[in-house]
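Quick note on labels: first sequence line is chain A, next is B, and so on, each numbered from 1.
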Protein chains: 2
Amino acid sequence: MDIRPIHTAPIPVYFRLQEILTKNIENGRWKPGEAIPSERILSTEHGVSIGTVKKAIMNLVHKGYLYRIQGKGTFVGGTTLRRESLRYYRMMRDFDDVEDSLRIHFNGISLVESSDSAATHLNVAHHEPLFKLRRIFYSAERPVIWSMSFLPKYLFKDLDAQPPALFECGTLYETLEKQYGLPCVSNHELFGVQSADAELSEHLMVPTGTPLLSIEMVSYTYKNTPYEYRISYCVTDERRVFRAIE
Amino acid sequence: MDIRPIHTAPIPVYFRLQEILTKNIENGRWKPGEAIPSERILSTEHGVSIGTVKKAIMNLVHKGYLYRIQGKGTFVGGTTLRRESLRYYRMMRDFDDVEDSLRIHFNGISLVESSDSAATHLNVAHHEPLFKLRRIFYSAERPVIWSMSFLPKYLFKDLDAQPPALFECGTLYETLEKQYGLPCVSNHELFGVQSADAELSEHLMVPTGTPLLSIEMVSYTYKNTPYEYRISYCVTDERRVFRAIE
DNA sequence: CGTAATTTGTACGTATGTATG
DNA sequence: TCATACATACGTACAAATTAC
């Protein structure tokens with residue numbers, strides 16, 4: 001019988017290095033877009049072989065944490081690297097249709113106390129201050145998506161002091177990554193149906209009671225920290241919302 | 001000035017080996033779950049080093065084409081390996097809710113001529129024979145999803161001769177992979193809203209006109225071949241459809 | 001139950017090619 | 001032109017898991 005308490009798994013050298021690199025990224029010491037030390041430097045600094053450094057780095061490349069350019073270096077990856085589908089609402093008539101390009105209309109940002117549901121989903125205390133960001137997405141002069149985002153104030157200081165144009169070009173992910181160094185790592189969504197109330201019907205220019213596609217979403221950044229809770233309502237009479245799993 | 005016509009990119013050895021392995025998988029020579037030759041055998045057979053074989057194999061592991069077990073061997077991967085979210089409709093009340101386990105009711109399979117839209121999405125000729133599979137998914141004795149799938153006959157011979165129980169346990173992906181060796185590699189979806197007509201209202205036990213979540217889907221197997229076109233309608237008053245992007 | 005053979009996993013080292021600035 | 005950095009390819013040795021004997 002084996003007396004040893006429990007089999008002690010030896011932790012590989014490349015894995016330890018991987019954790020060190022991950023920490024430097026998640027702590028914000030190395031920000032998205034910046035270069036990390038070269039293979040040779042990491043190799044001598046940590047006293048491991050080049051091959052081991054390569055293995056640790058390539059694992060993080062596959063996780064979307066890093067990307068490499070031959071002759072230039074190794075860089076910290078951001079949102080767009082991780083998954084193309086995160087970059088935007090994708091609306092189309094059919095599978096072979098071209099993707100609609102949406103125009104974003106900024107509809108105000110304000111500081112609010114977190115509601116029960118927002119607090120739960122963003123993993124913050126009740127009544128903790130949150131930013132509430134409202135936007136409307138237009139497809140060729142027609143409003144098609146109404147969206148309301150909640151973002152913790154402690155992560156995004158002075159978000160309400162940013163110029164409104166910042167919320168109208170590019171995705172919110174890109175903006176937050178550029179301004180605060182936090183990329184989107186993963187993303188949960190719940191799809192349902194909701195009838196348009198008076199406010200939605202006004203903003204989306206549809207009759208009250210029109211059935212809308214509702215998307216509730218929580219986005220996570222490093223360390224599985226939720227950093228955006230969003231509720232969207234979409235008009236899907238002409239175009240529908242596209243998702244791809246590759 | 002450089003006179004050479006265009007820079008001829010040298011194709012790496014590991015990449016060529018990768019293509020050979022990929023062909024053996026996609027042609028069905030090595031089926032999901034089966035073992036492929038060992039590193040040593042591939043190394044001597046193709047006259048390359050073990051390290052090069054390892055690199056080719058690991059690339060296919062990351063692509064979801066293969067998986068490895070230390071001491072046992074390297075095996076061809078299937079649907080479940082690729083993406084957990086492909087395994088099922090996932091319905092829940094909220095993000096922190098437990099996932100509902102759905103019971104599948106088989107509602108008949110028949111041979112039909114492809115309609116225009118089915119033919120387009122499945123990339124087959126007009127009037128080509130397709131199987132039409134109808135199922136209803138129950139959440140605790142209550143019907144919540146009505147679904148209709150179209151599958152090309154040329155890929156799934158005698159699918160209508162299979163015992164109905166085959167369509168009621170496990171996912172359709174798993175069944176098709178087990179019976180025909182074709183796993184699901186990728187997946188496109190369009191989300192919209194649809195009012196229940198007489199047929200839907202009867203099957204889903206909701207009043208006519210109830211707004212339903214509609215999901216139109218095309219699934220692809222090896223070589224980007226579409227192999228299932230599915231239309232689903234979901235009742236989302238209590239539970240909604242969950243999707244995760246990792 | 002241990003032993004041996006097989007197979008993958010880890011870690012090291014070296015040499016050379018290719019891209020960047 | 002040159003130094004730097006990543007990419008490819010080879011090789012070796014040993015560890016760890018599995019299976020059959």
Side-chain angles (χ1 to χ4, degrees), chain A residues 1-22 24-25 30 33-77 81, chain B residues 1-2 4-21 24-25 30 33-77 81:
Chain A
M1 185 181 158
D2 196 342
I3 301 293
R4 288 171 300 180
I6 287 184
H7 185 276
T8 308
I11 297 170
V13 177
Y14 76 86
F15 191 81
R16 286 197 189 275
L17 178 55
Q18 207 174 304
E19 286 181 316
I20 293 171
L21 301 180
T22 300
N24 278 313
I25 296 169
W30 299 336
E34 288 181 6
I36 75 168
S38 71
E39 288 179 354
R40 188 181 50 78
I41 292 175
L42 290 173
S43 164
T44 56
E45 270 187 359
H46 295 90
V48 299
S49 73
I50 294 274
T52 301
V53 173
K54 267 184 143 59
K55 178 146 186 164
I57 288 179
M58 286 314 291
N59 281 346
L60 293 181
V61 167
H62 283 118
K63 277 182 73 175
Y65 271 57
L66 296 172
Y67 64 96
R68 318 192 82 187
I69 301 176
Q70 185 178 158
K72 286 188 78 171
T74 303
F75 305 85
V76 179
L81 180 69
Chain B
M1 184 182 158
D2 197 342
R4 287 172 300 178
I6 287 184
H7 186 275
T8 309
I11 298 170
V13 177
Y14 75 86
F15 190 81
R16 287 197 189 274
L17 177 55
Q18 208 173 305
E19 287 182 314
I20 293 171
L21 300 181
N24 278 313
I25 296 168
W30 298 335
E34 289 181 6
I36 75 168
S38 71
E39 288 179 354
R40 187 180 51 77
I41 292 174
L42 289 173
S43 164
T44 55
E45 270 186 358
H46 295 91
V48 299
S49 74
I50 294 276
T52 301
V53 172
K54 270 182 146 60
K55 175 143 186 165
I57 287 178
M58 286 314 292
N59 281 346
L60 293 181
V61 168
H62 284 117
K63 277 182 72 175
Y65 272 58
L66 296 173
Y67 65 97
R68 318 191 82 187
I69 301 176
Q70 185 178 157
K72 285 188 78 171
T74 303
F75 305 85
V76 179
L81 179 68

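Looking only at side-chain heavy atoms (C-beta outward), L42(A) and V48(A) stay at 4.5 Å or farther from each other. At least one side-chain heavy atom of R68(A) sits less than 4.5 Å from a side-chain heavy atom of E39(A).
Atoms CZ (F75(B)) and P (dT7(C)) sit 11 Å apart, rounded to a whole Å. In this entry the distance linking CZ of R68(B) with P of dT7(C) reads 12 Å, nearest Å. A straight line from CD of Q70(A) to P of dG21(C) spans 12 Å, rounded to a whole angstrom.
With distances taken from any side-chain atom of S38(A) to the nucleotides dA16(D), dT7(C), dC6(D), the minimum falls on dC6(D). Distance from the side chain of Y14(A) is smallest for dT10(C) among the nucleotides dC12(C), dC6(D), dT10(C).
Residue contacts for G51(A): at a heavy-atom cut-off of 4.0 Å it reaches no nucleic acid atom on any strand shown.
Residues I50(A) and K54(B) both approach DNA chain C. Their nearest nucleotides, taken by heavy-atom distance, put K54(B) toward the 5′ side. Residues T52(A) and M58(B) each lie close to DNA chain C; by heavy-atom proximity, the contact nearer the 5' end of the strand is made by M58(B).
Within the model, atoms OG of S38(A) and NZ of K72(A) stand 15.5 Å from one another, a figure rounded to the nearest 0.5 Å.
Here K72(B) reaches the OP1 or OP2 of dT19(D): one of its side-chain N or O atoms lies under 4.0 Å away.
The pairing partner recorded for dC2(D) is dG21(C), the criterion being a Watson-Crick or G-U wobble arrangement whose two distances lie under 3.5 angstrom.
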